Amino acid sequence: MDRYLVFGHPVRHSKSPFIHSLFARQTQQELEYGLAEPAVDEFAHALRTFFDQGGKGCNVTVPFKEQAFTLVARLSPRAKRAGAVNTIKLTDDGVLLGDNTDGAGLVADLKSHSVTLADSRILLLGAGGAARGALAPLLAELPSELVIANRTHTKAQQLAAEFHDLGPVAAQTYEQLAGPFDLIINSTSASLQGELPPLASALIHTDIAIYDMMYGASDTAFIRWARQHGARQTMDGLGMLVEQAAEAFTVWRGIRPGTKQVLRELKRNLGVI
């Protein structure tokens with residue numbers, strides 16, 4: 001039976017085995033999917049061992065995505081742009097192909113919520129790996145402008161300069177931000193600590209769409225804050241998790257699983273519904 005893994009540290013909380021087992025059942029694919037939590041300095045060895053022992057593919061999560069980028073023999077265009085790999089496939093010719101499905105997962109989830117991206121003004125909070133992975137897919141949807149804001153402004157400037165050839169992207173400090181925006185995406189990990197980005201509440205209005213890449217059994221701090229200030233459409237990153245997994249499954253198996261029922265089952269598993 002074909003074997004797949006998710007590598008991370010920590011990773012025991014990962015919902016990837018649950019998601020991919022549902023995808024496999026839905027598409028009638030025979031595979032097994034497990035967890036691997038090597039020490040931070042043992043990831044390269046663990047990755048090689050997995051594929052030497054017959055592994056077919058894997059997901060890679062924190063803190064190994066950038067390291068995985070350097071360990072594969074071939075990179076997809078979106079992995080090259082992201083500078084990180086979250087999906088690896090052993091190709092038919094025995095080469096490890098690195099891909100990045102995070103941004104595609106984000107865009108797919110936004111579209112599933114009927115969020116219009118074309119000609120919209122988007123604010124992306126954060127300039128780390130999550131933001132980097134999202135930029136090319138978001139710019140491919142042809143927004144009127146994409147603004148990056150980050151606590152360390154120079155990081156936002158560097159990111160904007162790197163992706164400037166793909167579309168109208170700019171960097172601003174939190175103090176410089178002026179609305180209206182159609183969509184605000186929080187790619188920072190502040191919600192994991194119950195904290196908020198230093199965003200002015202005046203940027204929130206009733207017609208704005210709010211997206212937090214983080215998720216949990218209850219609303220994130222950012223989503224609660226946005227609702228308190230009038231946002232009517234708010235979304236967390238649970239759908240993105242499922243959509244990027246579906247993209248990875250498609251890379252591995254050549255068949256696209258449905259995501260709606262899997263997302264419902266995941267929410268039940270988490271106690272969200």
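This one's a predicted model, so the numbers in the text were calculated from it and none came from an experiment. As a basis for the values below, the full set of heavy atoms in this structure was taken, side chains included, without hydrogen atoms, waters or symmetry mates.
Here the OH atom belonging to Tyr4 is positioned 13.0 Å from the CD1 atom belonging to Ile88, to the nearest 0.5 angstrom. The line from NZ of Lys89 to OG1 of Thr250 is 10.5 Å long, rounded to the nearest 0.5 Å.
Under the 4.5 Å side-chain heavy-atom criterion for Ile, Leu, Val, Met, Phe, Trp and Tyr, Val85 and Trp252 are members of distinct hydrophobic clusters. Leu97 and Phe51 fall into different hydrophobic clusters, where Ile, Leu, Val, Met, Phe, Trp and Tyr are joined by side-chain heavy atoms under 4.5 Å apart, directly or via other members. The cluster map of Ile, Leu, Val, Met, Phe, Trp and Tyr, joined by side-chain heavy atoms under 4.5 Å apart, puts Leu22 and Val6 in the same cluster. In the hydrophobic clustering of this structure, Ile223 does not group with Leu106; members are Ile, Leu, Val, Met, Phe, Trp, Tyr whose side-chain heavy atoms approach within less than 4.5 Å, directly or through other members. Side-chain heavy atoms closer than 4.5 Å link hydrophobic residues (I, L, V, M, F, W, Y) into clusters, and following such links, possibly through other members, connects Ile208 to Leu125.
Using a 3.5 Å distance cut-off with no hydrogens or angles, the side chains of Arg227 and Thr234 do pair a donor with an acceptor. Under 3.5 Å, the side chains of Glu247 and Thr101 contain no donor-acceptor pair of N or O atoms. For Ser112 and Asp109, the side-chain atoms include at least one donor-acceptor pair closer than 3.5 Å.
Around the CD atom of Gln193, the shell of radius 6.0 Å holds more than 12 heavy atoms that belong to other residues, nucleotides or ligands. Within a 6.0 Å radius of NZ in Lys56, no more than 12 heavy atoms belonging to other residues, nucleotides or ligands are found. Within 6.0 Å of the NE2 atom in His164, the count of heavy atoms belonging to other residues, nucleotides or ligands does not exceed 12.
Side-chain contact check for Gln158 versus Asn150: every heavy-atom pair is 4.5 Å or farther apart. For the pair Leu96/Arg74, no side-chain contact is recorded, criterion being any heavy-atom separation below 4.5 Å from C-beta on. The shortest side-chain heavy-atom distance between Arg121 and Pro143 does not fall under the 4.5 Å cut-off. Counting heavy atoms from C-beta on, the side chains of Ile210 and Asp212 never come closer than 4.5 Å.
Gly105 and Glu243 get closest at one heavy-atom pair: O-CB, 3.4 Å. The two atoms that bring Ala131 and Gly126 nearest to each other are CB-O, 3.4 Å, heavy atoms only. Closest heavy-atom contact between Ala221 and Ser191: N-OG, 4.3 Å. Between Arg253 and Glu30, the closest heavy-atom pair is NH2-O, 3.8 Å. When all heavy atoms are compared, the tightest approach of Ile204 to Ala226 is CG2-O, 3.6 Å.
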Exercise for the section: Evaluate the criterion side-chain contact (heavy atoms from CB on, under 4.5 Å) for residue pair Phe50 and Leu5; output intermediate values, then yes/no. Expected result: CA-CA 9 Å; Phe50 170 66; Leu5 283 178; 3.3 Å; yes
Handout entry: Evaluation steps, side-chain contact (heavy atoms from CB on, under 4.5 Å), between Phe163 and Arg132
Key = CA-CA 9 Å; Phe163 284 82; Arg132 175 181 290 274; 4.1 Å; yes
Handout entry: Stepwise side-chain contact (heavy atoms from CB on, under 4.5 Å) check, Leu110 with Tyr211
Key = CA-CA 8 Å; Leu110 286 165; Tyr211 196 99; 3.5 Å; yes
Exercise for the section: Kindly determine whether Leu241 and Leu238 satisfy side-chain contact (heavy atoms from CB on, under 4.5 Å), including the steps that lead there. Expected result: CA-CA 5 Å; Leu241 175 68; Leu238 200 59; 4.2 Å; yes
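Using cut-offs of 30° and 60° on the angle between ring planes, the pair His20 and Phe23 is perpendicular.
The main-chain N or O of Val115 is never found under 3.5 Å from a side-chain atom of His113 such that the two would form a donor-acceptor pair.
The only option from Leu124, Ile148, Leu159, Ile122 that meets the side chain to side chain contact (heavy atoms under 4.5 Å, CB included) definition with Val169 turns out to be Ile148. When each of Asn100, Asp102, Asp99 is checked for a side chain to side chain donor-acceptor pair (under 3.5 Å) with Arg78, only Asp99 meets the rule. Among Leu270, Val262, Leu266, the single residue meeting the side chain to side chain contact (heavy atoms under 4.5 Å, CB included) criterion with Phe18 is Leu266.
Not less than 6.0 angstrom separates the ring centroid of Phe7 from the ring centroid of Phe64.
Both the sub-6.0 Å distance and the 45° axial angle are not jointly satisfied by Arg256 relative to the ring of Phe249.
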